[in-house]
Amino acid sequence: MDGFTHFNNQGRANMVDISEKQDTGRTAVAFSQVKMNEEVWTAVQEGNMKKGDVLAVAQTAGIMGGKKTSDLIPMCHPLMLTKLDIRFEFPETGRIEIYVTVKTKGSTGVEMEALTAASVTGLTIYDMCKAMDKGMELGPTYLLEKEGGKSGYYQRG
């Protein structure tokens, strides 16, 4: 179990003790995407979906999901987030890219909050559009970059 911090000396899961870690600014940026047919993609952008403004609802759901990460992921610490921003890009027909930026000042990072927010955003888009396209694809979802803390800066290659 060397190298894994979420296991105690009996090999059982535990929440890492962060009480001695210094508070620093922490930022994480996550990415996800949803692929869909052209008809749905156009309706989402134009705000013509029967269920309402898909992107506004997905953005709100993603923010809520990011704030609730410690309720969903057992070993995550509850964090006071200072920023959670979600933006969308439409690089090609049928694809919505999701970019999530999360910040805090604390003793542990916000990578899981960014990844959770990106995932919940994509799932909400799927939920609101599934009546028109059950074949949508979600992901990949991954960390683009993070900064702060002992491990410092990371950027996906």
Side-chain angles (χ1 to χ4, degrees), residues 3-7 13 15-37 40-47 49 52-130 133 136-157:
F4 289 106
T5 58
H6 285 80
F7 293 98
M15 184 183 251
V16 173
D17 181 3
I18 60 172
S19 59
E20 301 299 319
K21 291 174 76 177
Q22 185 174 3
D23 283 357
T24 61
R26 315 279 183 139
T27 302
V29 180
F31 169 87
S32 192
Q33 67 180 2
V34 182
K35 293 181 180 179
M36 60 191 59
N37 69 43
V40 176
W41 182 78
T42 300
V44 168
Q45 285 192 68
E46 294 175 354
M49 295 296 291
D53 186 338
V54 171
L55 298 180
V57 174
Q59 190 170 30
T60 301
I63 291 168
M64 292 172 65
K67 293 183 343 182
K68 293 287 193 178
T69 299
S70 66
D71 292 337
L72 301 169
I73 311 294
M75 301 307 159
C76 284
H77 295 83
L79 300 179
M80 175 61 71
L81 304 181
T82 59
K83 177 182 179 76
L84 201 162
D85 181 56
I86 300 171
R87 65 184 175 82
F88 302 100
E89 292 187 10
F90 306 88
E92 62 189 32
T93 302
R95 185 159 61 113
I96 301 173
E97 293 183 341
I98 303 162
Y99 294 88
V100 176
T101 301
V102 180
K103 291 184 177 184
T104 194
K105 183 171 184 182
S107 52
T108 191
V110 287
E111 297 95 297
M112 294 307 300
E113 288 71 14
L115 290 163
T116 299
S119 298
V120 170
T121 301
L123 287 167
T124 302
I125 292 170
Y126 185 95
D127 179 55
M128 293 190 71
C129 299
K130 69 183 182 279
D133 183 3
M136 287 178 286
E137 295 179 17
L138 282 72
T141 302
Y142 51 82
L143 184 68
L144 285 172
E145 67 181 293
K146 68 93 103 191
E147 56 186 318
K150 188 171 74 173
S151 65
Y153 183 74
Y154 163 84
Q155 185 171 22
R156 185 177 175 94

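Small disclaimer: the values here were computed from a predicted structure and weren't measured.
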Taking side-chain contact (heavy atoms from CB on, under 4.5 Å) as the definition, give me every residue that meets it alongside [X], ordered by chain and number, with sequence neighbours left out.
X: Leu138; answer: Val34, Leu123, Tyr126
X: Glu46; answer: Thr42, Asn48
X: Asp85; answer: Lys83
X: Phe90; answer: Trp41, Gln45, Leu55, Phe88, Ile96

Measuring only between side-chain heavy atoms, which start at C-beta, is Leu84 closer than 4.5 Å to Glu113?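 No, every pair of side-chain atoms sits at 4.5 Å or beyond.
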
Quick one: are Met49 and Val44 in side-chain contact, heavy atoms under 4.5 Å?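 The answer is yes; the side chains approach within 4.5 Å.
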
Donor-acceptor contacts under 3.5 Å from residues 98-108 side chains, at least two apart:
residue, atom, partner, partner atom, Å
Tyr99, OH, Glu97, OE1, 2.7
Thr104, OG1, Met80, O, 2.5

As an exercise, state the distance from CE of Met36 to CZ of Arg95, rounded to the nearest 0.5 Å.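 Between Met36 CE and Arg95 CZ, I get 12.0 Å after rounding to 0.5 Å.
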
Roughly how far, to the nearest 0.5 Å, is the OG1 atom of Thr116 from the CD1 atom of Ile73?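 If we round to the nearest 0.5 Å, Ile73:CD1 and Thr116:OG1 are 4.5 Å apart.
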
Listed partners of [X] passing side chain to side chain donor-acceptor pair (under 3.5 Å), at least two apart:
X: Thr24; answer: Arg26
X: Lys130; answer: Asp127
X: Thr27; answer: none
X: Glu147; answer: none

Give every residue pair that meets the ring-ring contact (aromatic ring centres under 6.0 Å, His included) criterion with at least one member in residues 61-80, sequence neighbours excluded.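 Listed once each, the pairs would be none.
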
Minimum heavy-atom distance [X]-[Y], with the two atoms named:
X: Ser70; Y: Cys76; value: CB-O, 3.5 Å
X: Gly152; Y: Lys146; value: O-NZ, 2.9 Å
X: Leu143; Y: Ala28; value: CD1-CB, 4.1 Å

Please check if the number of heavy atoms outside Gln22 that lie under 6.0 Å from its CD is greater than 12.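 12 or below, so no.
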
Tabulate below the donor-acceptor pairs under 3.5 Å that side-chain atoms of residues 57-69 make, not counting sequence neighbours, or state none.
residue, atom, partner, partner atom, Å
Gln59, NE2, Ile86, O, 2.6
Thr60, OG1, Ala56, O, 3.0
Thr69, OG1, Gly65, O, 3.4
Thr69, OG1, Gly66, O, 2.9

Between Asp133 and Asn37, is there a donor-acceptor pair closer than 3.5 Å when you use the side chain of the first and the backbone of the second?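 Yes, because the side chain of Asp133 sits within donor-acceptor range (under 3.5 Å) of the backbone of Asn37.
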
Which residues pass the ring-ring contact (aromatic ring centres under 6.0 Å, His included) test with Tyr142, sequence neighbours left out?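 In terms of ring-ring contact (aromatic ring centres under 6.0 Å, His included), with neighbours along the sequence ignored, Tyr142 is linked to Phe31.
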
